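Throughout, numbering of the chain's residues begins at 1 and tracks the sequence. None of these values were measured; they are calculated from a predicted model. First listed ligand is number 1; within each ligand, the first listed atom is number 1.
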Amino acid sequence: MLNLILFGPPGSGKGTQAAHLVEKYQLLHISTGDMFRYEISNSTELGQLAKSYMDQGQLVPDSVTIAMLRKRVEDNPGVGGIIYDGFPRTVAQAEALDEMLAEMGTGISGLIALDVPDDEITKRILLRGQSSGRSDDSDEATIRKRIDEYKSKTTPVFDHYAKAGKSLKINGIGSVEAIFGQLCEAIDALG
Ligand code: ADP
């Protein structure tokens, strides 16, 4: 079972690439950001809670995020593989994921990070904000906070998997097709 973490800062293109990868490799796509936005659009209790953090550019608490992720994986038994997009975002989330996959007799195949510099991601997110309708994409202070959260809490996840020789980085600047090509090469090399 392929368990792939698509990693990178906000606005690095994870969602775009995940959509292509899902099609090519027949994977289940789990985006915790999309799941929270779905809950918000349905005005659920979970959605309201998540929104209070997301609008501030903060991470939703681990306990909430981990429980939601676990349920999603358990609700989809027998899938050939999963692409994790926007999860894990903290070392605690990574440890919970490792434990859950171990219980299922599997584990993370690899983490691939899309490398994109700060000034470029800020530009991309502001541009996306013009059409995405996402309130966290329109305000520069919120975007800055998300980048800070990424640096302080999320980059250690790269190191967590690097210790097991499972992390790698690819250049996230270029055409969608060129980046997709590099991702496929990296995935095929995971075996
Ligand atoms: P982006 O990567 O562009 O920031 P996402 O859709 O992945 O967009 O995430 C949007 C927001 O949802 C994050 O800023 C955060 O508040 C929340 N979120 C998403 N995934 C997680 C997670 N794994 N842990 C905590 N919060 C999360």
request  = Look at atom 26 (N) of ligand 1 and say which protein heavy atom is nearest, naming residue and atom and giving the distance to 0.1 Å.
outcome  = Val60 N, 3.0 Å
key: Per-atom contacts, ligand 1 versus Gly11 - under 4.0 Å to a heavy atom   = 3 (O)
ask   = Between Arg146 and ligand 1, is there a nitrogen or oxygen pair with a distance under 3.5 Å?
value = yes
Heavy-atom nearest neighbour of atom 22 (C) of ligand 1 within options Gln56, Lys51, Arg89 = Arg89
request  = Report the C-alpha separation of Arg37 and Arg134 in whole Å, then their side-chain angles, then the decisive distance to 0.1 Å, and conclude whether the side chain to side chain contact (heavy atoms under 4.5 Å, CB included) test is met.
outcome  = CA-CA 9 Å; Arg37 280 186 289 277; Arg134 279 177 56 172; 3.1 Å; yes
request  = Give a yes or no answer on whether the side chain of Lys166 reaches the backbone of His160 with a donor-acceptor pair at less than 3.5 Å.
outcome  = no
key: Contacting atoms of ligand 1, where contact means under 4.0 angstrom from a heavy atom of Arg128   = 3 (O)
query = Taking all atoms of both residues into account, what is the closest heavy-atom pair of Ala186 and Ile112, and its distance?
reply = CB-CD1, 3.8 Å
query = For ligand 1, which atoms sit closer than 4.0 Å to a heavy atom of Phe87?
reply = 23 (N)
task = Note the single closest protein heavy atom to atom 16 (O) of ligand 1, along with its residue, its atom name and the distance in Å.
result = Gln58 O, 2.6 Å
task = Determine whether the side chain, the backbone, both or neither of Arg37 has a heavy atom under 4.0 Å from any heavy atom of ligand 1.
result = side chain
message = Please check this pair: side chain of Gln17 against backbone of Gly13, looking for a donor-acceptor N/O pair closer than 3.5 Å.
response = no
key: Transitive ILVMFWY side-chain link Ile83 to Val176, under 4.5 Å   = no
note = Checking heavy atoms under 4.0 Å, the part of Met54 that sits near ligand 1 is both
ask   = Would you say the side-chain atoms of Ser12 pair up with the backbone N or O of Val116, donor to acceptor, closer than 3.5 Å?
value = no
message = What protein heavy atom lies closest to atom 8 (O) of ligand 1? Include the residue and the distance to one decimal.
response = Arg134 NH2, 3.2 Å
ask   = Which ligand 1 atoms, with their elements, are less than 4.0 angstrom from a heavy-atom of Thr65?
value = 22 (C), 23 (N), 24 (N), 25 (C)
ask   = For ligand 1, which atoms sit closer than 4.0 Å to a heavy atom of Gly86?
value = 20 (N), 21 (C), 22 (C), 23 (N)
ask   = If you count the atoms of ligand 1 from 1 in the order shown, which ones are under 4.0 Å from a heavy atom of Thr32?
value = 19 (C), 20 (N), 21 (C), 22 (C), 23 (N)
ask   = In ligand 1, which numbered atoms sit nearer than 4.0 Å to a non-hydrogen atom of Gln93?
value = 22 (C), 23 (N), 24 (N), 25 (C)
ask   = So, Thr142 side chain and Asp136 main chain: donor-acceptor pair closer than 3.5 Å or not?
value = no
task = Mind checking whether Leu59 contacts ligand 1 via backbone (N, CA, C, O), side chain (CB onward), both or neither, at a 4.0 Å heavy-atom cut-off?
result = both
Heavy-atom nearest neighbour in the protein, as seen from atom 27 (C) of ligand 1, with distance rounded to 0.1 Å = Phe36 CE1, 3.8 Å
remark   = When Val157, Val73, Leu69 are each screened for side chain to side chain contact (heavy atoms under 4.5 Å, CB included) with Leu97, the one that passes is Leu69
Results of salt bridge (Lys or Arg N to Asp or Glu O under 4.0 Å) for Arg124 - residues two or more places apart only = Glu120
query = Quick one: salt bridge (Lys or Arg N to Asp or Glu O under 4.0 Å) partners of Arg72, sequence neighbours excluded?
reply = none
